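Every chain is numbered from 1, with letters handed out A, B, ... down the list of sequences. Since the structure is predicted, the reported quantities are computational estimates derived from the model, not experimental observations.
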Amino acid sequence: MSENTSNTSNFIKHIVKEDLANGTHKEIITRFPPEPNGYLHIGHAKSIVLNFELAAEFNGKINLRFDDTNPLKEDQEYVDAIKEDISWLGYEWDNLHFASNYFEEMYSRAILLIKKRMAYVEDLSQEEIREYRGSLHEAGKESDSRSRSVEENLELFEKMKNGDFANGEKVLRAKIDMASPNINLRDPVIYRISHTEHHNTGNTWCIYPMYSFAHPLEDAIEGVTHSLCTLEFEDQRPLYDWVVEHSEIHATPRQYEFARLNLTNTVLSKRKLKQLVDENYVDGWDDPRMPTISGLRRRGFTAESIRTFAREIGVAKSDNLVDVRMLEHFLREDLKLKAPRTMAVLDPLKVVITNYPEGEVEWLDADNNPENEEMGTRKIPFSREIYIEKSDFMEDPPKKYFRLFPGNEVRLKHAYFIKCNEVIKDEDGNVVEIHCTYDPETKSGSGFTGRKVKGTLHFVEATQAKKAEYRLYHSLIEDEREGDSFLDFVNPDSLEITHGYVEANMDDAKPQDKFQFFRHGYFNVDSKHTTEDMLVFNRIVELKSSFKL
RNA sequence: AGGGCUAUAGCCAAGCGGUAAGGCAUCGGAUUUUGAUUCCGUGACCCGCAGGUUCGAAUCCUGCUAGCCCUGCCA
C-alpha cells in the first residue's frame with residue numbers, strides 16, 4: 001500500500017511509540033477479532049485500518065482472529081464473508097486464528113483457577129444470579145456455591161463439560177468480589193453450558209467460555225501486545241487483567257479502548273443491520289444502501305476511499321458522530337482521476353435538431369478524463385435526434401437558470417450550441433419533445449469564440465443510445481425523522497429507479513466498473529441486477545453542486 | 001460516597017506549560033465546454049464552567065456542570 005499511513009497522530013500511537021522506546025516490547029502484535037455473527041461494516045473498517053496499519057507502521061504483526069465463543073449466533077457464512085471483506089479492503093493478516101482452537105487451553109486455565117480457589121461452579125439460576133449481583137447502588141451478596149471445595153468444583157466442572165447438565169443448570173464463575181463497585185467484578189460467569197453444535201469444533205464441546213474470560217486468554221496465547229477495543233469494554237479492563245494474571249499465561253497484553261464510529265444517516269449496529277436484512281427493509285447484507293463493507297463495495301465505494309476515510313476521522317476516546325459527507329468526499333477524491341467520464345441521461349427528454357440533416361450521424365471526439373490525459377479519447381455519435389435530461393429544460397425558468405428554455409442557447413458537451421425554438425406537448429400539457437436548431441460553426445474543438453453560452457448540457461444521441469437502468473440511492477436512515485425505534489427512521493424512499501440511456505460504447509462495461517456520468521455523479525455497474533441486455537448502474541455519490549432552483 | 005470515561009469551531013480532530021495543525025461542511029470570489037474540478041479567501045480575542053499555581057495554562061491543581069457506558073449464562 002503506497003498511501004501515507006503515518007501522517008496522523010492518536011493516543012494509541014503514542015502508547016505504542018513509548019512501549020517500543022522504553023523496551024516494554026521489541027515488536028508489537030495487534031489483532032482484529034470479529035465475532036462471525038454478521039457482516040463487517042464501516043465501523044469495523046475503522047478498527048481494521050487502525051489495527052492493520054498500526055502493525056504495519058511499527059513493523060509489527062497482526063492476527064485475524066475469529067472470536068467464535070458463542071455457537072448460537074455464529075456461522076461459517078460470516079467467517080468467509082469477513083475474510084473476503086478484509087482482503088478486499090487491501091489488508092493481509094500475518095496469522096489466522098480461531099478462539100475455538102483454544103478451547104482446550106481455556107478449559108485447562110479454568111481448572112487452574114478452580115484449583116487456586118478463584119473459580120467455582122454456581123448452582124443458582126440465571127434469575128438468582130442476577131438478584132444476587134445487586135445493583136448499581138448496592139453491593140451483591142455471595143451465593144452458597146462460592147464456598148464449595150476445590151474437589152467438588154472440579155468434579156462439577158467436569159460434569160458440565162461431559163454434558164451431564166442441561167443448558168443453564170450450572171455455570172462456572174470467577175471468584176472475585178461480590179461487593180465491587182465495578183459490577184463486572186462481581187463474580188462474573190466465565191463458562192456456560194450450551195448444547196449447541198459449533199461451526200468449527202462441531203459437538204466436541206457443550207461448555208463455552210464467555211468473552212470476558214476468553215478474550216484476554218486469546219490475546220495472551222497469541223502474544224498480542226496491544227488489544228484494541230471499543231469504549232464499552234473499559235469497565236472490563238480490570239477483569240481482563242485479572243484473567244491474564246491469574247491464568248498464569250506469561251504474557252501481558254494490554255487493552256486500550258477507543259470510541260466506535262457513528263455516522264450520520266446510518267445505523268452501525270450488527271443487531272440493527274441484521275434486522276434490516278431479516279425484515280426485508282433491504283435486499284440482503286450487500287444491498288448498496290447498507291453501510292456494510294459488502295454493501296459499500298456493491299454500491300461502488302473503493303477500498304482506498306474507505307481506508308482514507310478511516311484514517312482521516314482519527315482515533316480518540318470521545319463519542320463522535322461523523323458526517324457521511326466526509327466518506328463521500330473521499331470517494332469523489334479517489335475516483336476523480338480514476339473513473340472515465342461519460343454521458344448518461346437518467347430521465348430522458350427527446351430533442352430534435354430541425355436543421356440537422358436527416359439520416360446523418362457524425363462522430364465527435366471526446367476526452368475520457370480531462371484531468372487525466374492518459375485515459376485517452378473516444379468517439380461519440382451526434383445526429384438529428386438526441387436525448388437530454390428532463391430537468392435540463394424548463395418552459396418557464398426562474399432567473400439564473402442557464403440550461404435550456406425557449407429562445408435560449410446552450411452548449412452540448414463535445415458537440416454544438418443548440419437553441420430551443422419549439423416545445424411539443426401531449427394532450428395533458430406535458431412536454432414530450434423539444435425542437436432546436438444547431439449552429440455548425442460552434443462545433444467543439446473548432447476554436448469557435450464568436451459568442452458564449454452559460455450552460456453546457458450532456459446528451460446521448462438517439463439512434464445509438466443504449467438503454468440503462470439507474471438506481472439512485474437516498475439515505476436509508478434519516479436522522480431528522482422522529483420516532484422511538486430506529487425503524488421509524490428508515491426512509492421508505494431510499495431507492496429510486498429510473499431508466500434512460502448511456503453512450504453506445506458502454507457495451508463492454510462490466511460489473512463493478514466505475515464511471516463519472518457528466519453532471520450527475522459517480523456510478524458503478526451493479527453486480528447483481530445487470531443482465532446481458534440491461535446495464536444497471538448504482539449511483540455511488542452525486543457530484544457536488546451549488547445549483548439551486 | 002456506586003464505578004468507569006469524555007468535554008478544543010456546525011462535524012471529526014491535532015495539541016503533552018511558551019502563546020490554537022489539518023480534514024469535512026458552510027459561505028464568498030477567480031478560472032471553467034461538468035452550476036463539477038482547481039485556485040484563493042472565509043470562522044476559536046479562545047479550548048465545558050469557576051477558581052488556583054506559574055513570568056506564561058487548552059495543557060498542571062481544586063471544585064462544579066453536561067454527556068456517554070456498566071446490573072447478558074452476548075461480544
Open item on the list: Once you apply a heavy-atom cut-off of 4.0 Å, does A:I193 come out as touching a base, just sugar-phosphate, or nothing?
Closed with: nothing
- [ ] Would you indicate which nucleotide in B:G72, B:A14, B:C27 comes nearest to any side-chain atom of A:R133?
- [x] B:G72
- [ ] Report the secondary structure of RNA chain B in dot-bracket form, marking unpaired bases with a dot and bases paired to a different strand with |, and treating Watson-Crick or G-U pairs with both distances under 3.5 Å as paired.
- [x] .(((((((.[[[..)..(...]]]..((((.......))))......[[[[[..)....]]]]])))))).....
Task: B:U38 OP1/OP2 closer than 4.0 Å to side-chain N/O of A:K336 - done: yes
Task: Nucleotide of B:A75, B:G35, B:A13 approaching A:S546 most closely (side-chain heavy atoms) - done: B:G35
- [ ] Output the single nucleotide from B:G35, B:A14, B:U33 whose closest atom is nearest the side chain of A:K413.
- [x] B:U33
- [ ] Please say whether the positively charged group of A:R403, taken as NZ for Lys or CZ for Arg, lies over the ring of A:F547, i.e. under 6.0 angstrom from the six-membered ring centre and within 45 degrees of the axis.
- [x] yes
Open item on the list: With the threshold set at under 4.0 Å for non-hydrogen atoms, list the residues of residues 210-221 of chain A touching RNA chain B in residue-number order.
Closed with: A:M210, A:Y211
Open item on the list: At under 4.0 Å between heavy atoms, how does the protein contact nucleotides 2-8 of chain B? Give one character per nucleotide, 5' to 3', with B, S or -.
Closed with: BBSSS--
Task: A:N167 side chain to A:H195 backbone, donor-acceptor under 3.5 Å - done: yes
Open item on the list: Taking any heavy-atom pair under 4.0 Å as a contact, classify A:H14: base, sugar-phosphate, or nothing.
Closed with: base
Open item on the list: Against A:D123, only a single residue in A:R173, A:K170, A:R146 fulfils salt bridge (charged side-chain N to carboxylate O under 4.0 Å, His left out); can you say which?
Closed with: A:K170
- [ ] For A:N70 and A:Y211, test the side chains for any donor-to-acceptor distance below 3.5 angstrom and give the result as yes or no.
- [x] no
- [ ] Could you tell me whether the side chains of A:S391 and A:E389 share a donor-acceptor contact shorter than 3.5 Å?
- [x] no
TODO: Decide yes or no, distance alone: a donor-acceptor N/O pair under 3.5 angstrom between the base of B:G35 and the side-chain of A:R519.
DONE: no
- [ ] Could you check whether A:R186 gets within reach of a base, just the sugar-phosphate, or nothing at all, counting any heavy atom under 4.0 Å?
- [x] nothing
